[in-house]
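Structure record follows, encoded as structure tokens.
These numbers come from a predicted model, not from an experiment. Naming convention: chains lettered A, B, ... in sequence-line order (proteins, then strands); numbering from 1 in each chain.
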Number of protein chains: 2
Amino acid sequence: MYELVSLVNRQYGFEGIAMKLQRKPQEPGKTGKVTRPQDPEGTRRNILEVASKEFALNGLSGARIDEIAARTRSSKRMIYYYFGDKEGLYLHALENAYRLVRDGETKLDTDGLAPPEALRKLVEFTFDHHRRHEEFIRMVMIENIHHGQYLERSDIIREVNKTAIDHIARIYHRGVSDGTFRAGIDPVDLHWQVSALCFFNVSNRATFAKIFDRDLDSEAAQARLRNNTVATILRFVSLRPDMAS
Amino acid sequence: MYELVSLVNRQYGFEGIAMKLQRKPQEPGKTGKVTRPQDPEGTRRNILEVASKEFALNGLSGARIDEIAARTRSSKRMIYYYFGDKEGLYLHALENAYRLVRDGETKLDTDGLAPPEALRKLVEFTFDHHRRHEEFIRMVMIENIHHGQYLERSDIIREVNKTAIDHIARIYHRGVSDGTFRAGIDPVDLHWQVSALCFFNVSNRATFAKIFDRDLDSEAAQARLRNNTVATILRFVSLRPDMAS
DNA sequence: GACTAAACTAACTAGTTCGTACATTCTTGT
DNA sequence: ACAAGAATGTACGAACTAGTTAGTTTAGTC
């Protein structure tokens, strides 16, 4: 009997189980009775949350499966049950980080604003958003240390940032049309600039602050860097930058 | 007798030995006879070079002492003899990375140029320099993952980037004086902007390229990003940015 | 209410990894 | 020439770590 169970598990693998779980979102642990000991979705989510924190904090090789298991409401066996192996868990954590951040980004609406104001709002939003999601930034850093080899395996993630480009491209083209922005800039390059400044603010805060003996975490310092970043981007795209910021 | 040696080593620690080696730079292996089997400085340098590569590639927890030892002309025993433990080796590798990059940076001279041209040259140099020293960038990324806790222990590193600030500050103040740059920008903030753009270009190349399906390594793409970066910085500081780039 | 697949647990294993004890060779000052 | 100490090689062990084995419990279904 146990042989059979074992066989079935091996046959479908954890992906099969995961798909089944997604197909049937019954929300057992939350809305149902609290006394219910079995809660697959809850267990899975709990593991993923704990793992995300641990990977973001310690990296792929630095994170410990035993440590993750200990912080979980569940056990180590369950990690392997749902995610196969350490790399599988990491990949899911990475995808999860991207998904969380995308979900937040879609809330921004700039269609009613004039292009410079729209771009200002987008940059400010990106700056704040990156700052709020340090865990995501750290996952991207870690993934870059691994040369993006896990991101490469994920179909989900590529999709995520396409919307970001669409958004900034729309603003930019509106600005070119009404004569406030100069033509000839690739929207991806513009996004690159915004990303670079907003990303660096979080990713390199530790070393930058320590080398130059500055408190970059203070509200005053962050407000200044934020203003600088907006000014930088607006001046980069504007036809008459001295009027822009 | 061996007890005594052991005792002495423990008493002075590896720092004592390291200092002694620095105090007496006899250059044994290179200019001297090649047949000399013992070459402490060479061994030390060789270990450090190998370790730097391994740490930059795999991170602190990802790097393996046995792997480093295997790639060395020497042995694992020597790593512990000279650097104490894994963290000691990492710290020296980190310091070494900063030192190497600083040594390269001091070669830049912009004193004869007009401020906009000087700043352009500085940005271009920084862009190229970061790109050439990917190993350094990766070490800084890794150190940021560790919240800069090792950098904190190092007195040497803080010194390094002071000269970078001095340089950009001098250019900026010359520009303000002659009326080409706007006043009120903190030179550290300006350096922050330059660093962000040049750093991001190397640090996030993997994920950015994979998400947007672009070859950012090509000479054409790099030239474009380099031009954009220069334009961005010049427009940020200039009084009349539309004239600057 | 018996049956079955899914969910879950505890203990274990095979292999890795940092670090060290012990032994030997080389170099230098006297 | 010869101590004394610096530099190096070998082999090993204790602790850790990813992953597994073997078994139990739960909950939906017929």
| message | Looking at C:dC8, I'd like to know if its phosphate oxygens (OP1 or OP2) sit under 4.0 Å from a side-chain N or O belonging to A:Tyr82. | response | yes

| field | Length of the OH-C1' vector between A:Tyr80 and C:dA11, whole Å | value | 15 Å

| query | Do B:Asn204 and A:Phe199 touch side chain to side chain, with heavy atoms closer than 4.5 Å? | reply | yes

| task | Send over the distance from A:Ile68 CD1 to D:dG19 C1', rounded to a whole Å. | result | 14 Å

| message | I need the CD-P distance between B:Glu87 and C:dT17, as an integer number of Å. | response | 17 Å

| request: May I have the distance from A:Ile79 (atom CD1) to D:dT20 (atom P), rounded to whole angstrom? | output: 13 Å

| Spacing between B:Leu89 atom CG and C:dC18 atom C1', to the nearest angstrom | 12 Å

| request: Would you indicate, yes or no, if C:dA7 has its OP1 or OP2 atom less than 4.0 angstrom from a side-chain nitrogen or oxygen of A:Tyr81? | output: yes

| field | Any B:Ile145 side-chain heavy atom under 4.5 Å of A:Arg138 side chain | value | yes

| How would you list, by chain and number, every residue that makes a ring-ring contact (aromatic ring centres under 6.0 Å, His included) with B:Phe127, sequence neighbours excluded? | none

Identify all pairs in which a protein N or O lies below 3.5 Å from an N or O of nucleotides 15-17 of chain D, and state each distance.
| residue | atom | partner | partner atom | Å |
| --- | --- | --- | --- | --- |
| D:dT17 | OP1 | A:Arg64 | NE | 2.6 |
| D:dT17 | O5' | A:Arg64 | NE | 3.3 |

| Just how far, in rounded Å, is C1' of C:dA6 from CZ of A:Arg44? | 14 Å

| request: For B:Glu41 and C:dC26, give me the distance from atom CD to atom P, rounded to whole Å. | output: 20 Å

| Pairs flagged by salt bridge (Lys or Arg N to Asp or Glu O under 4.0 Å) wherever residues 51-70 of chain B is involved - sequence neighbours left out | B:Glu54-B:Arg71, B:Asp66-B:Lys76, B:Glu67-B:Arg71

Can you name the atoms? Protein N/O to nucleotides 9-11 of chain D N/O, anything below 3.5 Å, with the distance.
| residue | atom | partner | partner atom | Å |
| --- | --- | --- | --- | --- |
| D:dG9 | OP2 | B:Ser75 | OG | 3.3 |
| D:dG9 | O6 | B:Arg77 | NE | 3.2 |

| B:Trp192 side chain reached by A:Asn201 side chain, heavy atoms, under 4.5 Å | yes

| task | Please examine the side chains of B:Ile47 and B:His92, heavy atoms only from C-beta on, and report whether any two atoms are closer than 4.5 Å. | result | no

| message | Can you confirm if the aromatic rings of A:Phe200 and B:Phe200 lie within a centre distance of less than 6.0 Å? | response | no

| message | Filter on salt bridge (Lys or Arg N to Asp or Glu O under 4.0 Å), then keep only pairs touching residues 195-210 of chain B, sequence neighbours left out; what's left? | response | A:Glu152-B:Lys210, B:Glu134-B:Arg205, B:Arg205-B:Asp217

| task | Could you tell me whether the phosphate oxygens of C:dC8, OP1 or OP2, come under 4.0 Å of any side-chain nitrogen or oxygen in A:Thr43? | result | yes

| Among all residues two or more places apart in sequence or in another chain, which pass the ring-ring contact (aromatic ring centres under 6.0 Å, His included) test with B:Phe125? | B:His129

| message | What is the distance, to the nearest angstrom, from the CG atom on A:Asn58 to the P atom on D:dA18? | response | 11 Å

